Amino acid sequence: MATSKETVEVLLTESRVFMPPKELVECSNVKRWMEAHGIRDLDELLKRGEDLEWFWGEVAKEFVEFYSPYKKVLEWNPPHAKWFVGAQYNIVHDALDKHQNTWRRNKVAYIYEGEPGEVEKLTYRELYIEVCKLANALKSLGVKKGDRVGLYLPMIPQLPIAMLACAKIGAIHSVVFSGFSAMALAERMADAEAKVIITCDSFYRRGSKIPLKSQVDEALKMAPSIEKCIVYKRTGDQIPWDEKRDLWWHEIVKDQPKFCETERMDANDILYLLYTSGTTGRPKGVIHCHGGYAVGTTMTLSWVFDLKDEDIWWCTADIGWVTGHSYVVYAPLILGATSILYEGAPDWPEPDRWWDIIERHGVTVFYTSPTAIRMHMRFGERWAQKHDLSSLRLLGSVGEPINPEAWIWFYRHIGGERCPIMDTWWQTETGSFIISPLPITPLKPGSATKPLPGFSAEVFDEYGKPVVNAGGNLVLLTPWPSMLMGLYKAEERYRSTYWEKYPNVYLAGDIARKDSDGYFWIQGRADDIIKVAGHRIGNAEIESACVSHPAVAEAVAIGKPHPIKGESIVVFVVLKEGVKESEDLRKDIRLHVRKEIGPVAQPDEVWFVDALPKTRSGKIMRRVVRAKILGMPVGDISTLSNPEAIDELTKAR
Ligand code: WTA
């Protein structure tokens, strides 16, 4: 039989089980916790985790210090939960303040490496001082508890410093990924009604300087709530300046005291808003609070990645996304870990930049995305082989399903077949890992394994019945401490998006399969969200960007499987009357979307058609377009008013 070697390998690897190394299990944080609580094995731990109040109460004792005790672990009034009800708390107490009284104040919190190569080490003491100074400066500008502050910064230490400074004084930060465009920034700032924005002149990426301040200037024309713009000098580039509005970071912190009292918040007060794509054109502001978020993120990091004081932790995610918020900033700081912060591109100046960083700084635990792994796979393992990666002891993956080939490559060539891979499934909304292995869990490549203790996930059919060995909707059955507390100024959308399909059950929006061993296999999004290189982009967002181009009348955007990025963006557009199709116009539409949303959303393909398939009520049938382009059955098209438009799609390409 003519079967290629690759297919055989896929088949073999999918059924393989990797047992965790014995010494890892024996010394793991989770094992220690189990022993302290008289728990014998993983099954018993999962069982004990079903008693949410007991379990999370015990966990909280270990990881956080409330200013005043809570009255109740959980108050669940679906679809709203409150955790650690009645406690006074501020996450900055755990992330920074408490370390100042221990030996940890002189431990390195961040090893920062700029793309040009400079390395800077910031201890917990130094970080604390920087945060206090900026917090005092924000106060002097009139920023108060509950005010929103926009942060538009790259991967430099000033981003965590700014987040912590906001949180310290009880202000709410809203970080916007520095790869987003001025338009996307403006939309988010306007929705959050931010008072102040913090940015930098420009930063380094692939050897060039990427301007940020000029983007902010453009955005602020559309975000009238912003009164002040604080600018950190990163590259020293010449930038436009508005004397009345703009302030240099170094000038406003210069004479500030090195101490700033941390605001005592309610555990359920808002820590941050983070905008993420949904199924409509407008991104939604996911709300996370101080208390539960601190407990959920810290326990999951400690148990899943087993961080110890000697570890050097590197989560490569940009802080502009939730992974960076939870696992580059808050949880590692609460654990008192040392983290790597790297400004630049993974393959700059050569494809071995990451492996070089791991070797030079002795990284022990490394967490990245399937897209990045596939990109390095394409460069080839020779780049990793040039470096001594023996410091690594655990690996991790997040953001999209990891295909078994990429899993095996990562395991073999980066982890030297010693390091288990923690494939963590979670979302902006969940705040922390939900389905993930622990170091004691046998692994199946391509599966995120089982819900962690204290979490409860299922796969439901359309009627809300659990299904095994069949695709269905991934749902979460019980509340969890780091869950979103709502959507900013959008209660109805919160209820209808997550809690309506199955009453009082959280609908994740992913399709998954649970196998006979209870392992979960995530198959991708069920709704209209595309995952490009792990970045979450709504089809509707791309479409509305397309139709804002003067030549475009209608548009539909779909995601198409891509060997490296997971998915790529394909757009079909109907041009306005009298507009001529041309190569230049195609290019222009791609650039227009890039300008409207950001480089991550730039379509890979733009095709011209005379009509798009529509229902009789005039709704574009995205599902039909997608099926046709992917060569799948188009399904029920009885509601279609113009079936001939379907064939046009394939002709256009
Ligand atoms: C996807 C990122 C498969 C999923 C933390 C989810 C994953 C969406 C995994 C959330 C994983 C995340 N395996 N798919 N390990 N992790 N996803 O909000 O579709 O940017 O719903 O949060 O990413 O994306 P978000």
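Whatever order the structure lists ligands and atoms in, that order sets their numbers, starting from 1. Model, not experiment: these values are computed from the prediction. Side-chain atoms are counted along with the backbone in the values below, which use heavy atoms only and exclude waters and symmetry mates.
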Can Trp521 and Asp515 be counted as having a side-chain donor-acceptor contact under 3.5 angstrom? yes

How would you list, by chain and number, the residues with a heavy atom under 4.0 angstrom from ligand 1? Val322, Thr323, Val398, Gly399, Glu400, Pro401, Asp423, Thr424, Trp425, Trp426, Gln427, Thr428, Asp510, Ile522, Arg525, Lys531, Arg536

For Asp311, check salt bridge (charged side-chain N to carboxylate O under 4.0 Å, His left out) against everything at least two apart and list the hits. Arg393

Using side-chain hydrogen bond (donor to acceptor under 3.5 Å, both in side chains) as the criterion, list what pairs up with His562, not counting sequence neighbours. none

Under a 3.5 Å cutoff, is there a donor and acceptor pairing between the side chains of Tyr342 and Tyr112? no

Any donor-acceptor N or O pair under 3.5 Å, side chains Gln215, Ser181: no

I'd like to check the salt bridge (charged side-chain N to carboxylate O under 4.0 Å, His left out) partners of Lys82; sequence neighbours left out, ordered by chain and number. none

